[in-house]
Amino acid sequence: MSFPAAIVTFFLLSTSPPLFGDGMPFNEKTQEVYKDSIRFRLSKEQFAQIVKTGRINLSEPQHALLKRFYPNAVREFSPIWPTYNDNCEGLTDEDIYVLWTRPDELAVTVNSEVLSSAELTGNALADKAEKDPNIDSTLLIPPTGAMHLAGEAISLEGVFKAIDNGKIIGFKIPPQYSKGFYWPEDQEGAIHSPETLAKRVSQLVTTITQYAKANRKELNYSM
């Protein structure tokens, strides 16, 4: 069976990976996952969902592929934004990570220890991830710059007002992408370069953090 919407990639490392504060097996600068992993190519619609809500639904072919490894896996996830380490606290090497690695890519780690146990495999990713209790007060800043708060688009002026009213306690930003990305349905030439991504996000982050600081508001974030 062919699954054109998914790419399967395994990384087998003979050296010890770098240590991250929250145990996250991913380097956002190199986009390297330090564990065996399944990679899914995200559609434009899936990208729109994750930047709006922080959650993502796999397509049927993607879900079918994931179930080859974890047969009872659910279809909807709250993936980790690798630059926002707070949402992977408590996870360890024994866990299965669902990581948003690029604008158009999702990685799910393959845990050999889990796969060696029928019971663990049956329970793996079987429970729908709970909604992040802070997601509605966390500003989502995707590489496109189209910010969202509580599932709704918000302008920079709206962000300032929400900060003043205490409706924003922090923000999430995408990882630092080393490559551009595009979707086939985009018009020819509509390629988002890494330079464009970095500049757009950097400008927003600088403006927002400066405003919060000037108004003595503390925002939680990780870059």
Side-chain angles (χ1 to χ4, degrees), residues 3-11 20 22-26 28 31-115 120-144 148-151 170-175 177 181 183 222:
F3 295 97
I7 301 174
V8 183
T9 306
F10 294 100
F11 294 93
F20 294 90
D22 294 310
M24 183 174 59
F26 179 70
E28 68 270 16
Q31 300 174 341
E32 186 175 6
V33 177
Y34 295 105
K35 287 184 178 296
D36 297 345
S37 62
I38 312 165
R39 303 296 183 94
F40 295 106
R41 174 81 152 94
L42 302 183
S43 68
K44 201 169 185 179
E45 291 71 28
Q46 288 173 314
F47 171 79
Q49 181 189 12
I50 191 174
V51 301
K52 182 178 180 180
T53 67
R55 299 179 73 82
I56 192 166
N57 286 85
L58 297 180
S59 67
E60 289 186 10
Q62 290 170 342
H63 190 218
L65 176 57
L66 183 62
K67 290 175 72 173
R68 287 187 174 186
F69 295 86
Y70 308 120
N72 296 319
V74 296
R75 190 170 173 178
E76 182 180 3
F77 297 96
S78 293
I80 295 170
W81 294 43
T83 52
Y84 192 79
N85 293 333
D86 287 349
N87 65 349
C88 59
E89 287 180 348
L91 294 178
T92 68
D93 284 345
E94 285 70 43
D95 286 290
I96 300 167
Y97 291 77
V98 181
L99 297 158
W100 187 35
T101 53
R102 285 172 46 86
D104 57 354
E105 183 182 83
L106 191 75
V108 180
T109 58
V110 176
N111 191 316
S112 58
E113 188 171 319
V114 170
L115 294 178
L120 292 178
T121 300
N123 293 329
L125 301 179
D127 295 325
K128 185 175 180 180
E130 294 294 329
K131 181 179 178 180
D132 181 348
N134 297 319
I135 193 65
D136 288 341
S137 54
T138 300
L139 181 68
L140 304 182
I141 308 178
T144 57
H148 286 80
L149 180 67
F171 58 84
K172 292 185 180 183
I173 62 172
Y177 305 110
F181 70 100
W183 286 280
S222 178

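Values in this document were obtained by computation on a predicted structure and should not be read as measured data.
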Rounded to the nearest 0.5 angstrom, the NZ-OG distance for Lys35 and Ser112 is 8.0 Å
Do Thr101 and Glu105 have a side chain donor and acceptor closer than 3.5 Å? yes
So, Asn57 and Gln46: side-chain donor and acceptor under 3.5 Å apart, yes or no? no
So Thr53 and Ile135, do their side chains get closer than 4.5 Å, heavy atoms only? no
How close do Pro79 and Leu106 get, counting heavy atoms only, and between which atoms? CB-CD1, 3.7 Å
Could you check if a side-chain atom of Phe47 sits within less than 4.5 angstrom of a side-chain atom of Asp104, using non-hydrogen atoms only? no
Over all heavy atoms of both residues, which pair between Tyr70 and Thr109 is shortest? Give the atoms and the distance, please. OH-O, 2.9 Å
Side chain to side chain contact (heavy atoms under 4.5 Å, CB included) between Ile80 and Tyr97, worked out: CA-CA 8 Å; Ile80 295 170; Tyr97 291 77; 3.8 Å; yes
Would you find a donor on one side and an acceptor on the other, under 3.5 Å apart, between the side chain of His63 and the backbone of Glu76? no
Evaluate the side chain to side chain contact (heavy atoms under 4.5 Å, CB included) criterion for residues Ile96 and Leu125: first the C-alpha distance (whole Å), next the side-chain angles of each, then the deciding distance (0.1 Å), finally the verdict. CA-CA 8 Å; Ile96 300 167; Leu125 301 179; 4.0 Å; yes
dist Ile56:CD1 -> Phe77:CZ (nearest 0.5 Å) comes out at 10.0 Å
Is there a donor-acceptor pair closer than 3.5 Å between any side-chain N or O of Thr121 and the backbone N or O of Val114? yes
Checking the side chain of Arg39 only, and the main-chain atoms of Ala107 only, is there a donor and an acceptor separated by less than 3.5 Å? no
In terms of heavy-atom contacts, Leu66 and Ile38 come closest through CD1-CD1, 4.0 Å
Report the C-alpha distance between Asn72 and Asn123 in whole Å, list the side-chain angles of each, state the deciding distance to 0.1 Å, and finish with yes or no for side chain to side chain contact (heavy atoms under 4.5 Å, CB included). CA-CA 7 Å; Asn72 296 319; Asn123 293 329; over 6 Å; no
Does the side chain to side chain contact (heavy atoms under 4.5 Å, CB included) test come out yes or no for Phe40 and Val108, once each step is laid out? CA-CA 8 Å; Phe40 295 106; Val108 180; 3.8 Å; yes
Spatial distance of atom CD (Gln62) from atom CZ (Arg75) [nearest 0.5 Å]: 9.0 Å
Should Asp127 and Val74 count as side-chain neighbours, where that means a heavy-atom distance under 4.5 Å? no
Nearest 0.5 angstrom please: Leu65 CG to Leu58 CG, how far? 9.5 Å
With rounding to the nearest 0.5 angstrom, report the CD1 to CG distance, Ile50 to Leu42. 7.0 Å
Mutual orientation of the aromatic rings belonging to Trp100 and Trp81 [parallel < 30°, tilted 30-60°, perpendicular > 60°]: perpendicular
